[in-house]
*Asks:* 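Below you will find the structure I want to go over with you.
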Amino acid sequence: MKIMLYGPVQHVDLVASRPRIKPVYVPPPKPPLLNIKGNVTYDFFYQSNVDTPFTERDIHQHILQTNLLVTVKDQYPFRIAFSTQQGNSSLFRNLTGARLFYHSSDFKNQLLMNARRWVVSKYKQQLDADKMKLLMDSLRMQISGVHTHYNSEAYQQKIVEAREFMFRWKRDSALGIVKPLSEKDAEYMALLEKGNRYKAEVDSLQDKYAKLKQKYDKLNAKIGAEKVQLLDVLQHSKNNKELIDALDAMNLPDTVLPRNYRTLLAIRSVGIGRAMVDYSELTAKNISITGVQLELNPSWYLAVASGSVDYTFRNFIVKEKRSPQYINLIRAGVGQKESSHIYLTYYMGKKELYGANAIPLDSAVKVDNHLMGVSLEGQWSLGRQTFITGEVAKSSLPYNIRRVHGQNNVSSMLNFSGHTNEAWSVGAETVVPRAAIKLSGMYKRMGGDFQSFSMYTTGSQQTAWTLQAEQPFFKRQLTVTGALRKNTYATFYEPAVFESNTIFKSLQVTMRIPKLPVVTLAYQPTSQLVKLGDGNFTQQIFNTLSGTAVYNYKYKSIMMNSMLMYSRFYNKQTDTSFVYYNSRNVTGSQTVFLKKFTITGQFNASLTADYNLYSNTGDVSWKALKWLEAGASLQHNYQSKYNITQYGYGMNLRFIIPYVGEISGRAEKRYMPGSAKQLVSNNTGRITYTKIF
């Protein structure tokens with residue numbers, strides 16, 4: 001039986017040559033001159049009653065603020081911030097502040113973003129990689145075409161017939177039977193000969209492809225290694241000088257690294273407007289100023305700060321009249337701030353005194369609150385994660401002490417025979433890699449007449465210290481943090497001769513195990529501001545115990561959240577006017593996230609020495625449309641002492657308007673504890689506009 005063939009042999013001529021297609025390099029789009037990201041927020045808040053320790057009614061406040069990150073040509077970032085708070089309260093302050101600020105961390109983040117967008121390290125490497133890729137594609141297509149033809153049923157049938165013919169022809173030749181070759185027999189022999197030649201050519205092409213792919217992979221590995229190296233340098237450099245040295249050796253293009261990057265990394269920060277000054281324990285620590293601030297740190301170090309001081313930025317709600325205060329500071333030295341260094345600081349200015357030194361010896365003479373001081377700080381790096389810091393300082397004497405000795409600021413500061421205006425501190429921090437434990441500690445001692453912008457009072461000798469440790473367990477699923485502190489809660493409400501001998505203890509335990517609730521347990525000090533009379537305040541500090549368990553999970557494809565929280569205040573009625581003195585509070589909530597609805601139920605119990613308060617709240621939020629969300633809530637309150645049951649309620653709306661922003665509003669009627677140990681109605685309302693861009 002004859003087997004029908006599907007057609008004549010299809011010959012494929014293979015030529016291994018470089019393709020004539022020239023790779024085209026498409027340059028990246030030109031970056032815009034300015035790239036602005038940030039937000040604008042306006043908030044109006046109304047409250048019918050103000051909680052303890054103040055008593056006011058019908059308070060409304062307006063807050064307008066914006067925070068912008070502006071990047072010039074995708075390389076030079078800086079920040080602009082503005083905030084103003086205005087209201088009708090006689091207690092809450094009206095505040096307005098603006099800030100133009102640059103920080104090297106923003107510049108490093110921008111470099112990191114550019115590095116992640118970086119396609120290749122060099123233009124020539126890109127062209128070589130493109131050429132190799134095109135040639136590899138061409139070879140792969142040719143090899144694939146040959147394989148497709150060789151593996152077809154028609155060709156395989158011909159190969160079977162040709163091999164059978166060759167077998168018969170060799171057998172007959174061995175038996176001495178010689179027959180003339182027919183046209184078909186010649187075709188079979190030519191087919192086998194070409195098959196062997198094609199196979200040799202394919203083997204050669206595959207060998208060329210393998211060698212070319214090896215070169216291509218090696219080039220890509222080099223490009224990838226450079227990218228990995230760059231990202232590692234940007235993320236893990238210990239300080240800016242180490243980063244600059246590493247970037248210098250990488251020969252990066254301007255698209256990733258601008259030419260003036262050394263200067264921008266050497267400038268740690270520069271700001272105009274409201275800024276935070278945080279230099280050392282004995283000079284200026286966590287001080288809010290309105291003025292200018294500059295910090296440079298290439299290989300040497302220079303910091304300058306000048307402006308008005310606002311000590312009430314921590315307690316901004318208190319509206320008090322205080323005399324103007326200002327600071328001028330210059331700090332210089334050698335070494336990186338995060339590594340070994342030695343810095344000399346000179347500060348001067350005017351600061352309102354608190355306590356005995358603020359009272360004039362002669363009522364006809366006004367106290368001169370000008371001060372000055374110098375400090376020398378050294379830090380020693382003992383390895384990459386161990387540091388020891390020491391600082392000594394000497395200041396001018398307070399005015400009352402200077403006047404008695406007939407001295408001015410300069411002479412009292414340079415008088416080394418007295419030591420009451422001296423201070424010193426020592427600190428250390430380390431990480432033990434094997435145990436992954438972090439340890440830190442600080443001890444400082446300040447003379448009774450020592451003055452600086454890091455402390456508020458003068459007139460008493462002060463000693464303060466702190467110890468802190470953090471230890472993870474079970475592959476960081478359990479973290480324990482503990483601290484001991486003495487006299488480190490500085491506040492200008494303390495009396496002049498105040499020195500706390502209480503040792504405050506804090507302990508926090510956090511457990512994060514996959515598929516289980518996140519549990520946090522903490523025992524730590526807290527404070528409460530209490531108004532005693534006109535212009536008189538006190539700050540009470542006591543311990544609290546709190547525990548929280550939060551669990552996010554799915555139940556039959558429905559997302560849920562469960563939360564349980566417990567807290568207790570360890571204070572006494574004689575220590576504070578806080579309504580919930582020595583109280584225990586338990587709060588539990590359950591949230592169900594449906595497609596268009598979010599349903600939350602919450603239970604709260606406040607157990608005090610005088611009465612118990614129980615509250616149950618139900619809240620429903622409905623996402624009616626992509627741009628509209630509405631909600632309502634109902635609250636049930638029960639107070640055990642008077643057997644009073646009261647109901648609160650609330651509603652909220654949220655609109656998302658394209659190109660305009662988000663507008664949300666909330667109105668609530670709630671109840672809070674009053675001075676007569678009864679619940680007092682408290683109505684609140686809020687309207688907020690937010691635009692994110």
Side-chain angles (χ1 to χ4, degrees), residues 103 268-269 271 274-295 297 301-316 325-333 337-338 341-354 371-379 387-396 421-429 440-447 449-458 460-468 483 485-494 498-500 504 527 539:
H103 198 282
R268 295 183 62 91
S269 64
R274 186 174 290 273
M276 184 72 70
V277 175
D278 184 12
Y279 292 127
S280 72
E281 288 285 344
L282 302 180
T283 57
K285 186 175 180 63
N286 293 332
I287 303 301
S288 175
I289 70 169
T290 300
V292 296
Q293 179 264 331
L294 171 67
E295 194 173 9
N297 195 195
Y301 179 88
L302 176 66
V304 177
S306 178
S308 61
V309 178
D310 186 5
Y311 270 106
T312 58
F313 76 101
R314 292 179 180 175
N315 308 96
F316 66 91
Q325 304 174 94
Y326 67 90
I327 180 175
N328 296 313
L329 181 146
I330 183 168
R331 181 173 168 88
K337 191 173 183 181
E338 298 85 359
H341 65 249
I342 182 166
Y343 297 156
L344 179 67
T345 305
Y346 169 75
Y347 60 92
M348 59 86 65
K350 184 179 180 182
K351 173 185 152 186
E352 184 169 349
L353 298 179
Y354 305 95
L371 74 154
M372 63 175 58
V374 293
S375 85
L376 183 66
E377 180 195 73
Q379 179 171 280
F387 302 94
I388 298 177
T389 305
E391 184 179 12
V392 293
K394 190 175 181 66
S395 74
S396 60
N421 57 341
E422 296 175 351
W424 60 271
S425 71
V426 62
E429 59 179 279
S440 63
M442 181 275 298
Y443 181 91
K444 63 180 177 181
R445 188 166 183 82
M446 298 154 287
D449 296 323
F450 177 73
Q451 301 181 93
S452 79
F453 290 92
S454 292
M455 59 182 301
Y456 303 103
T457 60
T458 60
S460 67
Q461 185 171 274
Q462 301 283 326
T463 299
W465 57 265
T466 179
L467 293 173
Q468 184 167 333
R485 301 175 183 270
K486 178 189 175 186
N487 206 23
T488 57
Y489 294 94
T491 170
F492 59 79
Y493 298 113
E494 294 172 352
F498 175 82
E499 180 181 4
S500 173
F504 288 98
S527 64
Q539 190 173 38

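Being a predicted model, the structure only gives us computed values, none of them experimental.
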*Asks:* Does the side chain of Gln379 reach to within under 4.5 Å of the side chain of Glu338, using non-hydrogen atoms?
*Replies:* no
*Asks:* Do the side chain of Asn421 and the main chain of Ser395 share a donor and acceptor less than 3.5 angstrom apart?
*Replies:* yes
*Asks:* If I compare all heavy atoms of Leu467 with all of Gly441, which pair ends up nearest, and what's the gap?
*Replies:* CD2-CA, 4.1 Å
*Asks:* Does either side chain, that of Glu391 or that of Ser280, offer a donor lying less than 3.5 Å from an acceptor on the other one?
*Replies:* yes
*Asks:* Checking Ser454 side chain against Lys285 main chain: does a donor-acceptor pair fall under 3.5 Å?
*Replies:* yes
*Asks:* I need the minimum non-hydrogen distance between Leu282 and Phe450, along with the two atoms involved.
*Replies:* O-CZ, 3.5 Å
*Asks:* Which heavy atom of Tyr301 sits nearest to which heavy atom of Arg331, and what is that distance?
*Replies:* CE2-CG, 3.7 Å
*Asks:* If the test is side chain to side chain contact (heavy atoms under 4.5 Å, CB included), which one of Thr345, Leu329, Ile287 qualifies with Tyr279?
*Replies:* Leu329
*Asks:* State whether the side chain of Tyr347 and the backbone N or O of Ser375 hold a donor-acceptor pair below 3.5 Å, judged by distance alone.
*Replies:* no
*Asks:* How close do Ser452 and Leu371 get, heavy atom to heavy atom, and via which atoms?
*Replies:* N-CD1, 4.0 Å
*Asks:* Out of curiosity, Lys351 NZ to Tyr326 OH, how far, rounded to the nearest 0.5 Å?
*Replies:* 14.0 Å
*Asks:* Which heavy atom of Ser396 sits nearest to which heavy atom of Gln451, and what is that distance?
*Replies:* O-NE2, 2.9 Å
*Asks:* Where do Val292 and Ile289 come nearest, in terms of heavy atoms and distance?
*Replies:* O-CD1, 4.0 Å
*Asks:* Quick check: do Leu344 and Ile330 have side-chain heavy atoms less than 4.5 Å from each other?
*Replies:* no
*Asks:* Does the Thr466 side chain pair with the main chain of Met442, one donor and one acceptor, at a distance under 3.5 Å?
*Replies:* no
